[in-house]
Amino acid sequence: MTGLWYVLGFLFAGVSFVFMTIGLAWLISHRNRGDRHKGLPYESGIDTFGDTWGRFGVSFYIYALLFVAFDIEVIFVYLWAIVFRDVLVGGLVSMAVFVGILMLGLAYAWRKGVLRWR
Amino acid sequence: MATQIPSLDDPTVLVQTPATIYDAVPPYAPRTEREAEFYTLRDGEMLINLGPQHPSTHGVLRLVVKLEGERISDVDPVLGYLHRGIEKLGENADYHHAIAYTDPLEYISSLFNELAPVMAFEQLMDVRVPRRAEYIRVLACELNRIASHALFMGWMALDLGGLTPILYGFIERDEIVEMLAALTGQRMLFNYMRIGGVNGDLNHEFLSRLGDWMSHALREVDANTTLLNENEIFVRRTRGLGTIDRAMALNMGLTGPNLRASGIPYDVRRAHPYGVYPELEFEIPTRSEGDSYARYMLRVDEIKQSIRIIDQVIHRMPDGPVMAKVPRRITPRPGRAWAAIESPRGQYGCYAISDGTDQPYRFRIHDPSFVNLQAVVPLMPGNLLADTMAVMASLDPVMGGIDK
Amino acid sequence: MSVVAQPSGRLSPAGRMVVPLLGTLIALVVVIAAGIATGIIPAIVIWLGGVILANIAIVRFIVAATAILLFTVPTAFVIIFMELKVIAFMNLRIGPNRVGPWGTLASVVHGLKVLSKEDFTPTGVDVSVFTLAPVATFVASVLAFMVLPFGPGLFGADLNVGLLYFFAVGGLGVIGLLMAGWASFNKYSLLGGLRSAAQLVSYEIPLTLSVVGVIMLAGTMSLNGIVQAQSGSFLDWFVVRQPLAFLVFFIAATAEANRTPFDLTEADSEIVAGFATEYSGMRFGFFFFAEYVNVFLLSGLAVVLFFGGWTAPIPWPWPVHFLLTPVDTLVALVAVLVGLPLVGSLLLALPTWMVRPRLSFARAYGTWLLLFVPLAIGLVLLYLLLNLDALLGIVWFFIKAYAFVFTFVWMRATLPRVRIDQLMGLAWKWLLPASLANLFLTALAILVVRP
């Protein structure tokens with residue numbers, strides 16, 4: 001329970017530190033609205049064409065799907081690793097089966113050419 | 001006449017459009033079919049400007065890149081941000097002054113900019129250059145070629161994210177440039193070539209600096225090269241990237257290292273010899289791969305050949321005057337002349353027409369970077385955005401020469 | 001010719017600082033003496049002590065949070081200075097040499113400059129997300145800092161899921177970069193933000209899986225416990241038993257810290273500064289603050305997991321234990337600190353003065369004092385080092401951690417940047433199988449060695 005309070009406390013301390021510093025900077029720095037050119041997004045000195053917040057071809061979404069699968073796996077592996085000395089052979093076999101299935105999935109994805117940036 | 005089209009850079013367009021509107025197309029009607037096709041965005045595509053004010057477009061080149069995710073589907077280079085009208089300035093100056101204007105064209109290797117016009121004017125006037133002057137020209141130009149290539153090696157690394165090689169390249173370049181400053185009086189825009197010879201004879205400071213540098217030049221070049229070409233990341237990012245095959249290189253009219261990296265041993269110094277190059281021993285290095293790595297390594301080989309040429313030139317340097325007898329006021333017979341030399345970036349030519357007055361009637365510069373830059377458009381599509389910089393750097397364009 | 005006697009307008013710069021300080025000091029002494037005499041100060045001290053003892057847990061938290069937050073500032077400054085100076089030397093440049101000795105204050109001046117610069121909000125941005133992005137990035141680093149043990153007993157909190165917590169919270173920093181990239185209304189930033197997401201999905205799995213071998217060997221996820229499992233000589237460090245895991249971890253940690261050769265999110269030669277293109281002033285500063293804190297954080301984690309944390313490479317074979325009570329020790333230390341310089345200088349100044357009569361005695365004494373004061377301080381510190389494990393632990397921890405920081409800086413000076421698809425290929429095709437192989441190798445080894 002202490003750990004949770006520490007996390008919350010550090011969260012609060014960190015956020016307030018950042019905001020206090022930004023506030024201090026806001027107090028001591030000069031500000032100038034400028035003309036409209038000052039507020040334009042920087043694109044090498046040329047006005048931007050087209051919509052920045054439009055549809056964007058994220059070509060790594062399959063990686064993201066694989067990532068989710070493996071990230072869940074990591075949690076199981078961590079817990080298994082802590083108690084490994086108690087489960088020994090049985091634990092190793094079951095973990096090998098578990099990871100093996102995931103690796104089969106990865107191998108399938110690899111074979112299908114998903115692990116190539118498009 | 002066509003209707004006037006408000007340009008993007010027209011200040012009234014900028015002031016009058018509200019700040020929050022970002023049009024899907026530039027605020028004028030497409031002027032060509034290519035432009036219409038280029039500015040039509042398909043689903044998931046976006047246009048992004050690399051340059052003119054961008055850290056790694058080698059000057060003020062502007063590349064409008066059409067991206068699909070990170071993958072480039074089309075690219076449109078926009079030139080003209082560094083246009084200074086040097087050719088026209090040259091046509092309004094007399095023959096001696098026109099040479100001085102050419103220096104800032106390709107500011108990395110200024111001596112070559114002077115040499116081509118000087119050779120063209122000499123053809124117009126039938127001046128015979130003393131042999132010592134010819135040797136000094138070769139010596140200075142080869143030094144300048146090394147300075148240019150040394151900087152290229154660093155720049156290539158900088159565009160790929162390496163911080164150190166650029167400074168090592170600058171050390172090499174600085175030694176040469178100091179040397180040339182002792183010879184010509186200037187570090188960057190030398191203004192050394194004269195019609196009928198060169199501006200001054202070799203002096204003691206130049207020779208002592210040259211001796212110092214020659215004693216360690218090859219070693220330094222090898223050390224700087226191993227910084228990059230033994231680096232796995234660098235090799236993987238450049239090998240097989242931006243491949244120009246023989247047919248494509250010839251069709252585009254590429255010259256210089258970019259052409260030789262595709263396996264065609266065309267070098268003006270051998271193909272159409274000028275100066276005292278026929279008397280010197282050197283090889284024309286070629287590579288067959290035609291990719292960015294080959295273009296990089298080819299320039300390294302060229303540095304070594306240049307060092308070899310310099311070594312021969314020093315040993316064969318004849319005695320004699322460094323200037324022919326040339327009148328102050330030059331009025332050549334009406335006629336035309338074309339002179340081409342091998343600059344660090346390729347065939348650098350000058351075309352001059354005389355109408356009998358003391359000013360050239362036409363004064364045109366053919367710059368290799370301009371031709372080489374064409375290759376950007378077919379090479380980019382299909383690559384990732386990060387590869388833009390590797391390809392651009394390996395083509396080594398200098399915007400001063402392209403925009404003139 | 002005393003300094004104090006001169007009118008203050010004619011004082012040297014040092015004198016102008018010393019005189020007011022002296023005045024303040026004298027006033028303070030008077031006030032404190034009066035307070036003690038009237039019994040007010042003892043009463044306050046006793047009351048305060050009571051309050052602190054009653055709420056010792058809260059006080060510990062406040063001390064820990066303040067210390068860690070304040071610690072991040074000099075850490076960032078030191079790493080920025082290292083980056084300036086070390087890369088300068090590797091580039092054969094001189095580097096910063098104007099502010100402070102050898103330019104050491106250059107990074108502090110940079111920090112103050114960023115603090116006083118205009119913090120501009122461009123027109124098109126999503127203001128709230130734009131402001132919260134640096135907060136998210138920085139707070140993620142600070143939260144991860146909480147579990148990092150600097151020395152025996154010196155950590156924010158010793159969570160039993162420490163390592164998992166570290167990776168979970170450390171990964172949050174990427175959300176800040178993604179927010180910044182999206183909110184900036186700038187295409188370079190958008191590309192940078194999405195690159196950071198792509199980077200996360202590629203290196204996070206190898207990073208987390210590579211340390212499973214360490215968890216199996218230590219039998220715990222608490223970082224404190226992992227360090228204790230490596231106590232002994234440097235042969236007990238996990239890098240000896242888990243070299244493959246260390247290699248995978250180090251590569252993935254470089255990506256986690258957004259350092260060269262994996263600094264794709266801010267690739268300055270491609271997408272200008274990536275997520276930070278539109279930022280300025282302190283909000284920009286916090287991104288880089290967080291980046292440098294992250295560098296230290298991951299160096300610290302590498303030290304904790306693989307290089308024995310605060311433990312010495314070779315333990316001091318003769319533990320020094322003086323048979324003294326704490327009070328006696330304190331008295332002895334003060335005696336050494338005060339007496340040694342005074343008496344020692346006197347003993348050596350007399351012969352010096354007698355041999356060279358033209359030298360004034362005060363000058364001879366002062367010269368020897370200059371030698372003896374550092375000597376006494378050094379002796380006291382040595383004693384403290386040998387007897388206080390915490391202090392020695394901190395020293396070792398910092399030596400090791402800064403060796404890693406140096407490696408990160410070194411890599412930045414040496415390597416070009418990889419391409420995003422190369423990073424993903426490396427992570428999924430090489431690092432992930434390698435870390436899984438390491439996991440099963442470790443499991444088999446444990447089975448064989450301890451059935």
Side-chain angles (χ1 to χ4, degrees), chain B residues 18-22 46-51 53-58 63-67 69-71 154-172 174 220 224 227-238 241 383-390 392-393, chain C residues 83-84 86-95 122-125 185-199 251 254 258-274 277 409-426 430:
Chain B
T20 48
I21 290 180
Y22 298 99
M46 99 183 169
L47 287 169
I48 189 166
N49 284 297
L50 301 178
Q53 301 297 330
H54 189 276
S56 53
T57 48
H58 290 222
L63 291 173
V64 187
V65 178
K66 199 195 252 183
L67 284 179
E70 285 240 350
R71 187 73 67 186
W155 254 342
M156 180 109 181
L158 192 69
D159 286 353
L160 292 171
L163 292 177
T164 304
I166 179 80
L167 285 136
Y168 287 24
F170 259 111
I171 290 172
E172 199 78 354
D174 210 61
E220 293 284 313
N224 288 359
L227 263 184
L228 283 180
N229 73 351
E230 289 181 5
N231 186 321
E232 187 74 16
I233 297 174
F234 178 80
V235 174
R236 285 203 181 208
R237 278 205 56 182
T238 49
L241 175 74
N383 287 334
L384 291 177
L385 182 62
D387 292 333
T388 327
M389 303 312 154
M392 280 286 300
Chain C
E83 191 139 285
L84 294 172
V86 171
I87 293 185
F89 281 143
M90 286 176 179
N91 285 350
L92 307 181
R93 291 183 284 129
I94 296 170
T123 328
V125 304
F185 197 74
N186 180 315
K187 286 168 182 167
Y188 298 133
S189 305
L190 183 71
L191 283 171
L194 289 170
R195 275 184 182 191
S196 76
Q199 208 171 323
I251 294 172
T254 315
N258 281 337
R259 297 289 299 179
T260 313
F262 305 115
D263 59 341
L264 302 156
T265 51
E266 49 168 303
D268 50 343
S269 62
E270 298 155 18
I271 48 172
V272 191
T277 305
V409 174
W410 184 9
M411 274 170 27
R412 170 144 191 208
T414 313
L415 296 176
R417 189 179 300 120
V418 303
R419 217 163 51 203
I420 184 83
D421 61 330
Q422 289 171 341
L423 170 64
M424 293 195 119
L426 177 75
W430 294 97

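Side chains are part of it too, since the values below use all heavy atoms of this structure and drop only hydrogens, waters and symmetry mates. All chains are named by letter (A, B, ...) in the order of the sequence lines, taking the proteins before the strands, and each is independently numbered beginning at 1.
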Mind ranking B/R237, B/M46, B/M389, B/R236 by heavy-atom pairs under 4.5 Å with chain C and telling me who comes out on top?
-> B/R237
Region of C/L264 in contact with chain B, defined by heavy-atom distances below 4.5 Å | neither
Taking every non-hydrogen atom, the tightest pair across B/T164 and C/M90 = CG2-O, 3.7 Å
C/D421 portion near chain B, given a 4.5 angstrom heavy-atom threshold | both
Among C/L92, C/I87, C/L190, C/L194, which residue forms the greatest number of heavy-atom pairs with chain B at distances under 4.5 Å?
-> C/L92
Pairwise side-chain contact, B/H54 with C/V272, heavy-atom cut-off 4.5 Å (strictly under) = yes
Heavy-atom pairs under 4.5 Å with chain C, option from B/L158, B/N49, B/D387 with the top count | B/D387
Starting at CG of B/N383, measure out to CZ of C/R419 and round the result to the nearest 0.5 Å.
-> 7.5 Å
Of all heavy-atom pairs between C/V418 and B/I233, which one has the smallest distance, and what is that distance?
-> CG1-CG2, 3.7 Å
Give the member of B/L167, B/I171, B/L385 that has the highest number of heavy-atom pairs under 4.5 Å with chain C.
-> B/L167
Sub-4.5 Å side-chain heavy-atom contact between B/I48 and C/L191 | yes
Contact class of B/F234 relative to chain C, heavy atoms under 4.5 angstrom = both
Is it true that a side-chain atom of B/E70 and a backbone atom of C/I420 form a donor plus acceptor pair closer than 3.5 Å?
-> no
So what's closer than 4.5 Å to chain C heavy atoms on B/L227: side chain, backbone, both or neither?
-> neither
Heavy atoms, side chains only, cut-off 4.5 Å: are C/L415 and B/N231 in contact?
-> yes
For B/T388, is it the side chain, the backbone, both or neither that has a heavy atom under 4.5 Å from a heavy atom of chain C?
-> neither
In short, C/R417 meets B/G161 closest at the heavy-atom pair NH2-CA, 3.7 Å
Heavy-atom distances under 4.5 Å only: say whether C/R412 touches chain B with side chain, backbone, both or neither.
-> both
